[in-house]
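First comes the structure, then the notes that go with it.
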Number of protein chains: 2
Amino acid sequence: MLTDRQLMILQVIIDDFIESAKPVGSRALSKKDTLPYSAATIRNEMADLEELGFLEKTHTSSGRVPSEKGYRYYVDHLIGPEIYQHGLGIIERLTNNGIYEFEQIVQTAAEALSKLTNYTSIILGPEMFEATVKQIQVLALSDQSAVAILVTNTGHVEHRSFTLPKGVSSSDIEKLVNILNDRLQGIPLYRIPEVIQNEVASLMMKYMNGVDSSLNWIRTLFTQEQAVKLYFGGKANILMQPEFNDVDRIRSFYSLMEREDEIVNLLKNSNQGIKVSIGHENEVEEIKDLSLITASYHIGGGQMGTIALIGPTRMEYKKVLSLMESISKEMTGAMGKWYSDKS
Amino acid sequence: MLTDRQLMILQVIIDDFIESAKPVGSRALSKKDTLPYSAATIRNEMADLEELGFLEKTHTSSGRVPSEKGYRYYVDHLIGPEIYQHGLGIIERLTNNGIYEFEQIVQTAAEALSKLTNYTSIILGPEMFEATVKQIQVLALSDQSAVAILVTNTGHVEHRSFTLPKGVSSSDIEKLVNILNDRLQGIPLYRIPEVIQNEVASLMMKYMNGVDSSLNWIRTLFTQEQAVKLYFGGKANILMQPEFNDVDRIRSFYSLMEREDEIVNLLKNSNQGIKVSIGHENEVEEIKDLSLITASYHIGGGQMGTIALIGPTRMEYKKVLSLMESISKEMTGAMGKWYSDKS
DNA sequence: TTTAGCACTCAAAACATGAGAGTGCTAACA
DNA sequence: TGTTAGCACTCTCATGTTTTGAGTGCTAAA
């Protein structure tokens with residue numbers, strides 16, 4: 001195991017490197033009052049730490065840089081429970097006028113997160129599978145077009161415009177809406193296509209005439225393309241990091257950011273709580289030299305989303321971890337207030 | 001005025017530079033079969049064109065590069081009406097199943113535009129001032145929270161969740177919705193606050209009790225934060241351009257892209273038709289070395305939005321201009337079909 | 001066990017050199 | 001008179017060389 005002195009030195013090196021982004025040498029370290037040892041002593045310890053895999057050199061005669069293993073150890077053992085105080089209340093401030101806009105909350109949270117950290121934040125909207133149908137409405141705009149609106153028990157509103165199939169009268173629509181509401185209310189979104197197929201279809205046959213043609217159409221209309229939405233904050237922030245002083249590095253990062261499905265996958269499989277993936281612990285090629293922190297937040301009814309932050313492996317883990325914790329809690333709190341269980 | 005030969009040479013130089021991004025020299029030009037002159041002759045002509053301000057040199061002994069004035073002349077006089085055929089039907093393909101999703105159409109158009117050109121596209125959603133209220137609905141989610149939904153005559157759906165003020169019963173809500181619908185239907189969105197203030201307020205006093213406190217709340221609820229939405233496509237494309245081989249250049253570009261309000265201003269004041277702004281013709285510092293093409297599209301009722309494309313001044317104007325024209329027409333067409341005037 | 005000292009290494013900056021692409025100008029040519 | 005060949009000149013870019021400075025590893029003394 002590591003001696004106390006080694007721990008101390010490791011910690012100071014990592015802290016220093018996180019701040020300066022420059023390999024840290026023995027001489028500079030020995031000058032700090034935190035370490036009352038000579039450069040030579042520190043050199044010896046550093047050599048040991050390197051042998052153990054916690055440090056690396058960028059070239060034979062350079063200062064030391066933390067290895068991924070070093071960061072991992074740092075995150076797991078050397079970070080105290082330092083609660084980050086700033087930035088709290090961001091979300092409360094948004095909702096305390098009684099008006100509540102999901103998109104706005106999430107977007108604001110993403111922006112706050114990136115602003116406070118100078119990294120890039122990504123928030124994954126909640127999965128909606130579990131949400132149930134609260135009400136369906138169809139409103140004719142003209143005699144050819146109409147808009148269908150679906151409200152879930154969680155207050156989400158989905159809408160879609162469409163052309164009215166020929167020969168569908170406004171009384172037909174009214175009947176249809178009644179049938180849909182009767183059969184779909186309380187049904188979770190993912191079951192909609194199935195219920196339309198099995199129950200709604202026969203009722204339509206019975207009460208409406210000449211509708212077989214439009215059944216398919218209704219099914220498409222109410223089938224969500226179950227896309228989870230992504231909210232980004234500070235996409236440009238990461239450019240300020242010296243690690244991104246290379247144009248190709250930037251290219252590969254931004255090209256990843258455009259492949260939203262991949263990002264969703266990347267963030268989705270996060271469990272409860274906060275998870276830190278350092279460098280090669282990440283599976284996606286483009287971020288094998290970055291660190292990804294994810295935390296989940298919850299809205300009523302078991303639905304949850306993910307908050308994520310991407311930055312260089314040389315990340316301010318202390319600050320970031322406590323900040324993520326407090327923001328995810330804040331979000332869970334704000335959402336919970338709204339989506340109380342009743343439906 | 002320019003001689004025919006000068007025009008010819010100017011055109012070839014610009015075409016060549018647009019393709020290669022490298023200063024073009026007299027020797028290389030004389031080898032092309034389009035120009036049956038010796039390098040020396042071409043050199044003389046180039047010297048003249050430079051004196052006239054259409055060409056520039058990057059250093060004393062480099063090849064020539066078009067100046068902004070050169071591009072301007074090229075765009076104004078040297079581009080034939082070449083109709084770009086590909087990419088047509090993009091939007092029709094999306095709507096031909098009868099389902100129509102504004103956001104999706106716009107997003108797809110933005111992506112198509114950037115994919116086809118390799119530049120970055122931005123689409124400005126339509127201004128909604130003119131749209132009128134079609135229907136208002138309020139749906140309680142629990143006994144503390146509810147969601148308000150507003151549908152416009154153009155089929156746009158706005159919604160907002162809120163906490164029910166204490167002491168508001170469900171019959172109050174019903175009355176309120178009736179009053180709102182009665183007074184607001186057919187009213188353009190921008191007049192909502194005013195009408196609530198003047199007409200709705202007194203009716204509420206009359207038919208509901210103890211509501212003065214909630215009036216303010218309703219006004220906030222239905223006051224759109226008239227934000228025009230932006231849709232981006234291919235934000236990473238521009239990184240492929242050799243002009244963006246500099247990290248600072250990239251930084252400044254992306255930082256602009258995050259200042260959405262500035263971008264809205266940049267695009268908004270475009271008139272009808274297509275407008276090309278080359279380099280310093282742009283007012284925003286960050287794009288003084290880029291070109292911006294804007295075109296407007298229309299949806300029913302005089303509402304319009306803007307399509308824009310940003311790329312290096314060395315842009316494939318021919319291709320881009322015809323493409324923009326056809327896409328804006330396509331969009332206008334698709335939108336028009338839906339938002340036919342009836343309300 | 002700690003520290004001072006010294007030889008050694010390497011990256012990065014500064015400087016030097018040569019090749020290549022291009023120009024302008026002059027003089028010859030059609 | 002317009003066009004072209006030829007040549008000296010210029011400037012960038014890629015490459016190679018030198019210098020500097022920060023940092024290391026090792027050895028020997030405290």
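Reminder, nothing fancy here: chain letters follow the sequence lines and each chain counts from 1.
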Tell me whether the side-chain N or O atoms of Arg27(B) pair up with the base of dG22(C) as donor and acceptor below 3.5 Å, since no angle test is needed here. no
Can you tell me the distance, in whole Å, between the CG atom of Asn44(B) and the P atom of dG22(C)? 17 Å
Name the residue from Ile287(A), Asp289(A), Ile310(A), Thr313(A) that meets the side-chain contact (heavy atoms from CB on, under 4.5 Å) definition with Asn282(A). Ile287(A)
Residue whose nearest DNA chain D nucleotide is more 5′ - Ser38(B) or Ala40(A): Ser38(B)
Quick one: is Arg64(A) getting a side-chain N or O under 4.0 Å of the dT24(D) phosphate, OP1 or OP2? yes
Whole angstroms only, please: what is the CD-P distance between Glu50(B) and dG22(C)? 15 Å
Does Ser26(A) place a side-chain N or O at less than 4.0 Å from the phosphate oxygens OP1/OP2 of dT24(D)? yes
Nearest whole angstrom, please: distance from the P of dG24(C) to the CD of Glu51(B). 10 Å
Checking side-chain contact (heavy atoms from CB on, under 4.5 Å) against Leu78(A), which of Met8(A), Lys318(A), Gln11(A) comes through? Gln11(A)
Look at the side-chain N and O atoms of Arg5(B) and state whether any lies under 4.0 Å from the OP1 or OP2 oxygen of dT3(D). yes
Taking the side chain of His59(A) as heavy atoms from C-beta outward, which of dG25(D), dC10(C), dT23(C) is closest to it? dC10(C)
Is any side-chain nitrogen or oxygen of Thr41(A) closer than 4.0 Å to OP1 or OP2 of dT2(C)? no
With a cut-off of less than 4.0 Å, is there a side-chain N or O of Ser62(A) near OP1 or OP2 of dG23(D)? no
Do the ring centers of Tyr254(A) and Tyr254(B) come within less than 6.0 Å of each other? yes
How many whole angstroms separate atom OH of Tyr37(A) from atom C1' of dT3(C)? 14 Å
Examine dG24(C): is either OP1 or OP2 under 4.0 Å from a nitrogen or oxygen in the side chain of Lys57(B)? Give yes or no. yes
Is Lys22(B) close enough to dT12(D) that one of its side-chain N or O atoms is under 4.0 Å from OP1 or OP2 there? no
Is there a side-chain polar atom (N or O) of Ser61(B) under 4.0 Å from OP1 or OP2 of dG22(C)? no
Side chains of Ile278(B) and Met315(B), heavy atoms from C-beta outward: is any pair under 4.5 Å? no
Is the closest side-chain donor-acceptor distance between Ser252(B) and Arg249(B) under 3.5 Å? yes
Write down the distance between CD1 (Ile9(A)) and C1' (dT2(C)), rounded to a whole number of angstrom. 12 Å
For Ile13(B) and dG22(C), give me the distance from atom CD1 to atom P, rounded to whole Å. 12 Å
Integer-rounded Å distance: dT24(D) C1' and Leu49(A) CG: 15 Å
dC10(C) OP1/OP2 closer than 4.0 Å to side-chain N/O of Thr60(A): yes
Rounded to whole Å, the CD-P distance (Glu56(B) to dT23(C)) equals 15 Å
